[in-house]
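First up is the structure itself, then whatever we jot down about it.
All ligand and atom numbering here is 1-based and tracks the order in the structure. Residue numbers count from 1 along this sequence.
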Amino acid sequence: MTQSLPAGFHAGVSPAGGAVQVVVVGAGPYGLSVAAHLRAAGIRVRVFGEVMGSWRHAMATGMFLKSTPEATDLSAPEPGGRLEDFCRERGEPVLTELTPIPCTTFVDYGQWFQQRYAGDIDPSRMERIERREGGFTLRLNGGERLAASAVVVATGLTGLARLPQNLVHIAPDGLGPEAPLSHTSQHRDLSRYAGLRVAVIGGGQSALESAALLHESGARVDVLVRAGRVRWGERPVLDRPPVRRLIVPSSPLGSGWVVKAVSQAPGGVQVLPARARMVLLRRALGPSGGWWLRERVENIVPVHTGRHITAAHVGKDGLRLELSGAGSGPRELVVDHVLAATGYRLDLDAMSFLCPHLRATVKPLAGSRAPRLSAAFESSVPGLFFTGSMAAPSFGPVMRFVAGTAYTARRITARITRYAPTP
Ligand SMILES: Cc1cc2nc3c(=O)[nH]c(=O)nc-3n(C[C@H](O)[C@H](O)[C@H](O)COP(=O)(O)OP(=O)(O)OC[C@H]3O[C@@H](n4cnc5c(N)ncnc54)[C@H](O)[C@@H]3O)c2cc1C
C-alpha cells in the first residue's frame, strides 16, 4: 500500500500553520518510543496521555511482567536507553531471565525513558480526531483544539476490553470492581475481595496472576479455563549448550524457530497471506502463564479446565454460575464476583476518540476490525498511523508486546522524515 502523506509535510509545515507536525496519542511503551525517534529526527511532535498510564491504572498492584528483561526495552534512538541502563543508573542489580520484573519497576523505567528521550508529554486525553484538508483536527478533554499533519495512535488496549456477552446481564448498572462482574483492566487492588468468592474466567497470564493475587489476599478463587489445559512457560536455562541453542533458538519472546521468526521479522509476517497471518496471531505466543507464577497457582488455586459458563443468575446466596464443557469439575459454582480475564478485541469502532466518519474511512484488514496497514504502519487514511496491538493483525504477535517498539518506531519515523525535511 503506497500513498502520499498530507500536503503539509512536503512544505514542512502543519496545515494549520502551527508548530505541530505529528501528534502521538498515548504515552505507553509505543507512544514514548515513537516520540523519541521522531524527536531525534527533528520532527515537531506533541505527545498526549499519561506516561505509562495503563501500567499505573489498568493493572493490579503486585503484578510482574511476563516478558524477560531483554524483551522489555523501549526503543531509544541511541544507545543507553535500555532497561538494563536504567537499572545500572539506579544502582540496582542486573536483571536476568530469571528475574521477574515488577510492574512498578517498568513504570519507573518508562518515566526515566520519557525524561531522557521523549521530552514533555501533555497528560490530557484525546477526545476527538477528525480528518481535514491536508491533515487532522484534534480536540483534547480540556477543550483545546489543534491541527496536525499526521497522527500516531498509540493508545494500546485502552477501551478494548472484551467481555463474555452471556454474563453482562448480571451487572445491569455497569461493570467494575464493585459490580458483580468486572474486567481485569478495571483493577488496581484485588485485596478488596478478601473473604469473598471469586470466579476468574480465562487461562492466560492475566487470569492466573489475578487468581494468585486474589488467593494470597484471602479470597476464595476458582479459575475457569475453556481450553483443555493451562500452558505454562518454561523456566529459562541461562547457559544452554550450543547444539541445544541451534535446535531451539531463543529470542526475546521465547524459544523456538517460529517465535524467533515472528519476533525478529515483523515485516516478513506482514507479507504473508492473510490466512497464515491469522493462524500465527492465534497460535504463536498464545495465552500461557509465566514460569515463575506456576508455583503460586498449581495445586493451590482450583483451576477447572475444559469449563465455561453457560448461564448466570443472581440469587440470594450470590451469583449462581452454570458450567459446561468437556473437562471434569463442578457443573455449578456460587460466587460473589466474576472477574473476566478474557482479553481484548481489536475493533476500530471501540476507538471512540476517532470520529465516526474517520473510523468509517479507515479500511480494515479483511476479516477483522483492525486497520489495514502499510509497511510503515500507515492506515488507508494518509498520515494516520496505528501501533501496538492494533498493528498485530498486520505485523504479527510481537506487536502485542513491548518487543515490537523498535521496529515500529523506526518504520514510522523513516516514513515521516521522508516527507518532512527538517528546516
Ligand atoms: C496485565 C497485562 C500484562 C502485560 N504484560 C506484558 C509483558 O510482560 N510484556 C509485554 O511486552 N507486554 C505485556 N503486556 C502487553 C502490554 O500492554 C504492551 O506490551 C504494552 O503496554 C503496549 O504498549 P502501548 O504503548 O501500545 O500501550 P499502553 O501501555 O496501554 O499505553 C497506552 C497509553 O495510551 C494512553 N491513552 C489511551 N487512550 C488515550 C486517549 N484517548 N488520549 C490520550 N492517551 C490515551 C493510556 O493512558 C496509556 O498510557 C501486558 C498487558 C496486560 C494487560
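- Looking at ligand 1, you won't find any N or O of Val25 less than 3.5 Å from one of its N or O atoms.
- The ring pair (Phe, Tyr, Trp, His ring centres under 6.0 Å) contacts involving residues 258-299 comprise Phe64-Trp292, where partners must be two or more places apart or lie in separate chains.
- Annotation: Ala403 places no N or O atom under 3.5 Å from an N or O atom of ligand 1; distance criterion only.
- Distance from atom 42 (N) of ligand 1 to its nearest protein heavy atom, with residue and atom name: Met126 N, 2.8 Å.
- The protein heavy atom nearest to atom 53 (C) of ligand 1 is Tyr344 OH, 3.6 Å.
- For ligand 1, the atoms closer than 4.0 angstrom to any heavy atom of Leu65 are 8 (O).
- Of all protein heavy atoms, the one lying nearest to atom 44 (N) of ligand 1 is Gly49 CA, 3.4 Å.
- Every heavy atom of Phe64 sits 4.0 Å or more from the atoms of ligand 1.
- Contact of the Arg415 side chain with the Phe385 side chain is registered, since non-hydrogen atoms from C-beta on lie closer than 4.5 Å.
- Considering each of Phe401, Trp55, Tyr30, the one bringing a non-hydrogen atom nearest atom 6 (C) of ligand 1 is Trp55.
- Checking only distances, Lys66 does come within under 3.5 Å of ligand 1, N or O to N or O.
- Under a 4.0 Å N-O distance rule, the pair Arg88/Asp85 qualifies as a salt bridge.
- Here's the thing with Glu50: one of its N/O atoms is less than 3.5 angstrom from an N/O atom of ligand 1.
- Ion pairing of Glu130 with Arg128 is present here, as a side-chain N (NZ or NE/NH1/NH2) and a carboxylate O approach within less than 4.0 Å.
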| Criterion side-chain contact (heavy atoms from CB on, under 4.5 Å) on Val23 and Val45, from CA distance to verdict | CA-CA 6 Å; Val23 161; Val45 55; over 6 Å; no

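- Residue-ligand proximity, Ala154 to ligand 1, at heavy-atom distances under 4.0 Å covers atoms 32 (C), 33 (C), 34 (O).
- Salt bridge annotation for Arg296-Glu216: present, with a cationic side-chain nitrogen under 4.0 angstrom from a carboxylate oxygen.
- Distance check: Leu32 CG to Met52 CE gives 7.0 Å after rounding to the nearest 0.5 Å.
- Some N or O of Pro29 is nearer than 3.5 Å to an N or O of ligand 1, by distance alone.
- Salt bridge Arg46/Glu144: present, at least one basic N to carboxylate O contact under 4.0 Å.
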| task | Evaluate ring pair (Phe, Tyr, Trp, His ring centres under 6.0 Å) for His187 paired with Tyr193, printing each intermediate quantity in order. | result | CA-CA 11 Å; His187 289 275; Tyr193 298 109; 5.8 Å; yes

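- Distances from atom 18 (C) of ligand 1 to the heavy atoms of Met59, Glu209, Met52, Arg400 put Arg400 nearest.
- Here the CZ atom belonging to Phe86 is positioned 10.5 Å from the CZ atom belonging to Arg116, to the nearest 0.5 angstrom.
- Side-chain contact, Thr99 with Thr96: a donor N or O sits under 3.5 Å from an acceptor N or O.
- Listed by number with element, the atoms of ligand 1 under 4.0 Å from a non-hydrogen atom of Gly53 are 47 (O), 49 (O).
- Closest protein heavy atom to atom 9 (N) of ligand 1: Ser67 OG, 2.8 Å.
- Close N/O approach between Thr387 and ligand 1 is not found [any backbone or side-chain N/O within under 3.5 Å].
- Scanning the protein for heavy atoms near atom 27 (O) of ligand 1, the closest one is Gly156 CA, 3.2 Å.
- Annotation: atom 37 (C) of ligand 1 to nearest protein heavy atom, Thr158 OG1, 3.2 Å.
- A donor atom on one side chain and an acceptor atom on the other are found under 3.5 Å apart for Thr72 and Ser67.
- If you check which protein heavy atom lies closest to atom 36 (N) of ligand 1, you get Thr155 CG2, 4.0 Å.
- Atoms of ligand 1 lying under 4.0 Å from any heavy atom of Val402, numbered from 1 in the order shown and given with element: 10 (C), 11 (O), 19 (O).
- Ring orientation note: the planes of Tyr109 and Phe106 are tilted relative to one another, at an angle of 30° to 60°.
- Less than 6.0 angstrom separates the ring centroid of Tyr344 from the ring centroid of His183.
- Nearest-residue assignment for atom 28 (P) of ligand 1 (options Ser54, Ala161, Ala341, Ala27; heavy-atom criterion): Ser54.
- For a threshold of 3.5 Å applied to N or O pairs, the pair formed by Ser206 and ligand 1 contains no separation below that value.
- Ranking the protein heavy atoms by distance from atom 34 (O) of ligand 1 puts Gly26 CA, 3.2 Å first.
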